[in-house]
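Below is one structure, written out as structure tokens, with a few remarks after it.
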Number of protein chains: 2
Amino acid sequence: MENRNSTLKAIADRLGLNVATVSRALHGSPLVRPETRDQVLNVAAELRYRPNKSARNLVQGRNGTRFIGVLIPDLIHQFFFGVLKGIVQELKSESYSLMVFNIASDRATVVNRIMDEAPDGLMVFFYGLEQEERQHIRECRFPFVYVDYMSPVDPCCYMDNFEGGRIAATYLLERGVRRPFFVGTTADTQQQRSRLEGFSSVFAAEGISDIGKKFIEIEEPASCALTTEILEADSYDGIFYFCDELAYGGIKAIRQTGKCLPIVGYDDLPMSEILRLSTVRQDSEQLGRSSASLMIDLVRTGTWTQDMDPGSVGSKIIKLSPQLIVRDT
Amino acid sequence: MENRNSTLKAIADRLGLNVATVSRALHGSPLVRPETRDQVLNVAAELRYRPNKSARNLVQGRNGTRFIGVLIPDLIHQFFFGVLKGIVQELKSESYSLMVFNIASDRATVVNRIMDEAPDGLMVFFYGLEQEERQHIRECRFPFVYVDYMSPVDPCCYMDNFEGGRIAATYLLERGVRRPFFVGTTADTQQQRSRLEGFSSVFAAEGISDIGKKFIEIEEPASCALTTEILEADSYDGIFYFCDELAYGGIKAIRQTGKCLPIVGYDDLPMSEILRLSTVRQDSEQLGRSSASLMIDLVRTGTWTQDMDPGSVGSKIIKLSPQLIVRDT
DNA sequence: CTGAAAGCGCTTACAG
DNA sequence: CTGAAAGCGCTTACAG
């Protein structure tokens, strides 16, 4: 029950003034007698007057402050922090604020909420969208860009996960691994599939097609337990973890069991350096910056995705490369 | 040069229709002939028509979607991520979006931008506000709450830093420390002052008033170098770091020099567990959740800070306690 | 210093 | 099915 806001008119009536005068008083115009102003201010406070933003924007010819929307899932993954940081950094030199929409809040209505808000652009940072939701977004009346998601037909900024998988495989291969294992997550994402494909392709080229796999929640204990199993079974001689967070569990297991084999993570989170984890680095901040930069470009040029011709989308797709970081594992 | 948006009228004129019809067509009203609708849709696309949100909101009597603003500095500190995560989590069960304002974007205008946006509430998460800026915010026409900042006269949700300092001191004291050192940061914040006061008070009670101090940037190498100096000078027998990120440098220095002394950090970032750092834990997510919850309470009850009487502010102040985590350092 | 009036762009009864 | 009109709450010339 949102109690109806009081209006200029309410204040004016109360004081026997005209709305124009009230408006002026509220804006500290010099064209109003101090006593009048004070009266107005008092009544305004009493009535808890809040100006109607829409009315003001309408008359002033601006469509509200400019802002970019970002659609994310709950901030579950450390990696998101870097991305968000990059976005915020890039946006700060522009006069755009950032509106965060949480897909986990109310999945069914969030896209409508976004449309209501009509952001100047939308950055979609969520892997699990349904086809229908994608289409819905594509039809929106503002530009959008996928962040960390590869789409051949939409503007996007993504990390080359296939290449990342290849890098990990090559590293393990060079360290003598012949029976590789992949520890993934239960979320079947494009990222994971690509990494695994890239990873497999390298081993396949060496005639190694039998890759162990298991998919678990991103939790250190789970990963530690799984790694311990792997170590004890002794059937694999190297592990590629979908992400560093999983690899940390691996490090722990290796320490505990005293056994040793090459492992490689993914992301290069801050703590990986300290743990001396070899990993495939994704520069999350750069991803954020590049995405935001692309977004702003689209907004400035008014490039609605829905009426871009397929040929020109290509120039709006940014691929960033991961990088091997060799440390002690 | 924001090119003026085309309006309903533009479309109507182009087709010799009335704006009402165009409006209906755009909303898929059944009261419009399919052919007319298609024409309208085509012209709308061609003209890149975007409805004026302000006008629509105005006529529909809603003041735009509800959202909470959060004023933050650049996402520089890991700790922020947990807080943000907590806020987003808390907000998701409510129908509020989150608008992020970066104080680092344009310090001079950001408060005005916020006022323009007129959020339903503002969460201020920034330690370094000027007195004047505080006053400005206090006069805003919406409720606000300070996050992780202790104010006796404003709604706020903060961690008890004095107590945290005491906890750290007590821990070191018990481990036999008599010549403590404090490694702080160059940013002279309320947080740091309180921690240091709490820390000092415990040692003072033991007749130890000579506490070494140095203030540096939050960078691992800097902290490592400083710690190395301290270790080599051999004048201090225990170190309290303002935050875990600084303590990590300390751990490194201890490892490198082979010398050893008790150290304690602050925050309990995820990697501290793995590094086995003893630390004073702040539950950043809880801080986020509690702050957001307080914010929503204020918004719902329409509690403007500017007209709360001092007596009742007390109930709008939430103090959260840090907690000692004993590990190997 | 104050008021009456116009108009921002839209939606929605009210008439046809 | 379509149009003419009113009105949302505000700001700002234009008159006094």
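These figures come from a predicted structure and were not determined experimentally. Protein chains get the first letters and strands the later ones, always in sequence-line order, with residue 1 at the start of each.
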Compare side-chain N and O positions of A:S23 against OP1 and OP2 of D:dT11 and report whether any pair is under 4.0 Å apart.
yes
[X] [atom1] - [N] [atom2] separation (whole Å):
| X | N | atom1 | atom2 | value |
| --- | --- | --- | --- | --- |
| A:D13 | D:dG9 | CG | P | 12 Å |
| B:L31 | D:dG3 | CG | P | 13 Å |
| B:L8 | D:dA4 | CG | C1' | 15 Å |
| A:L26 | D:dG9 | CG | P | 16 Å |
| B:R56 | D:dG9 | CZ | P | 18 Å |
| A:K9 | C:dA5 | NZ | C1' | 15 Å |
| B:I11 | D:dT2 | CD1 | P | 15 Å |
| A:Q60 | C:dC10 | CD | C1' | 18 Å |

What salt bridge (Lys or Arg N to Asp or Glu O under 4.0 Å) pairs are there with at least one residue in residues 290-302 of chain B, not counting sequence neighbours?
B:E94-B:R300, B:D297-B:K316
With salt bridge (Lys or Arg N to Asp or Glu O under 4.0 Å) as the rule and sequence neighbours excluded, what pairs involving residues 35-45 of chain B come up?
B:R33-B:E35
For DNA chain D, what residues of residues 15-22 of chain B have any heavy atom nearer than 4.0 Å?
B:G16, B:L17, B:N18, B:A20, B:T21
Looking at residues 33-41 of chain A, who's got a heavy atom less than 4.0 Å off DNA chain C?
A:R33, A:T36
Could you list the residues that satisfy side-chain hydrogen bond (donor to acceptor under 3.5 Å, both in side chains) with B:D188, not counting sequence neighbours?
B:R193
Nearest to the side chain of [X], which nucleotide is it out of [options]?
| X | options | value |
| --- | --- | --- |
| A:N52 | C:dT11, C:dG9, D:dG9 | D:dG9 |
| A:Y49 | D:dC10, C:dC1, C:dG9 | D:dC10 |
| B:V59 | D:dC1, D:dG9, C:dG9 | C:dG9 |
| A:H27 | D:dC10, C:dG9, D:dT11 | D:dT11 |

Got a minute to check which stems DNA chain D is part of, using Watson-Crick or G-U wobble pairs under 3.5 Å, three or more consecutive?
C:1-3 with D:14-16, C:5-12 with D:5-12, C:14-16 with D:1-3
Test item: A:F79 and A:D148 side chains (from C-beta on) under 4.5 Å apart, heavy atoms
yes
In sequence, state the C-alpha distance, the side-chain angles, and the governing distance for B:D154 and B:S151, and then conclude on side-chain hydrogen bond (donor to acceptor under 3.5 Å, both in side chains).
CA-CA 6 Å; B:D154 304 291; B:S151 166; 2.7 Å; yes
Side-chain donor/acceptor pairs under 3.5 Å, residues 286-295 of chain B, sequence neighbours excluded:
residue	atom	partner	partner atom	Å
B:S290	OG	B:Q286	O	3.0
B:S291	OG	B:L287	O	2.6

Quick one: ring-ring contact (aromatic ring centres under 6.0 Å, His included) partners of A:Y49, sequence neighbours excluded?
none
Using ring-ring contact (aromatic ring centres under 6.0 Å, His included) as the criterion, list what pairs up with B:Y146, not counting sequence neighbours.
B:F144, B:Y149
Is it true that a side-chain atom of [X] and a backbone atom of [Y] form a donor plus acceptor pair closer than 3.5 Å?
| X | Y | value |
| --- | --- | --- |
| B:S6 | B:L47 | yes |
| B:D120 | B:F67 | yes |
| A:N102 | A:D74 | yes |

Hey, mind stepping through A:V124 and A:I137 against side-chain contact (heavy atoms from CB on, under 4.5 Å) and telling me if it holds?
CA-CA 9 Å; A:V124 181; A:I137 288 173; 4.1 Å; yes
Taking N or O atoms only and anything under 3.5 Å, show me the protein contacts with nucleotides 14-16 of chain C, one pair per line.
none

Enumerate donor-acceptor pairs with a distance under 3.5 Å from any side-chain N or O in residues 14-28 of chain A to protein atoms, sequence neighbours excluded.
residue	atom	partner	partner atom	Å
A:R14	NH2	A:E46	OE2	2.4
A:N18	OD1	A:A20	N	2.6
A:H27	ND1	A:S23	O	2.7

Determine the Euclidean distance between corresponding C1' atoms of D:dT12 and D:dG16; express it in Å to zero decimal places.
16 Å
How would you list, by chain and number, every residue that makes a salt bridge (Lys or Arg N to Asp or Glu O under 4.0 Å) with A:E133, sequence neighbours excluded?
A:R107
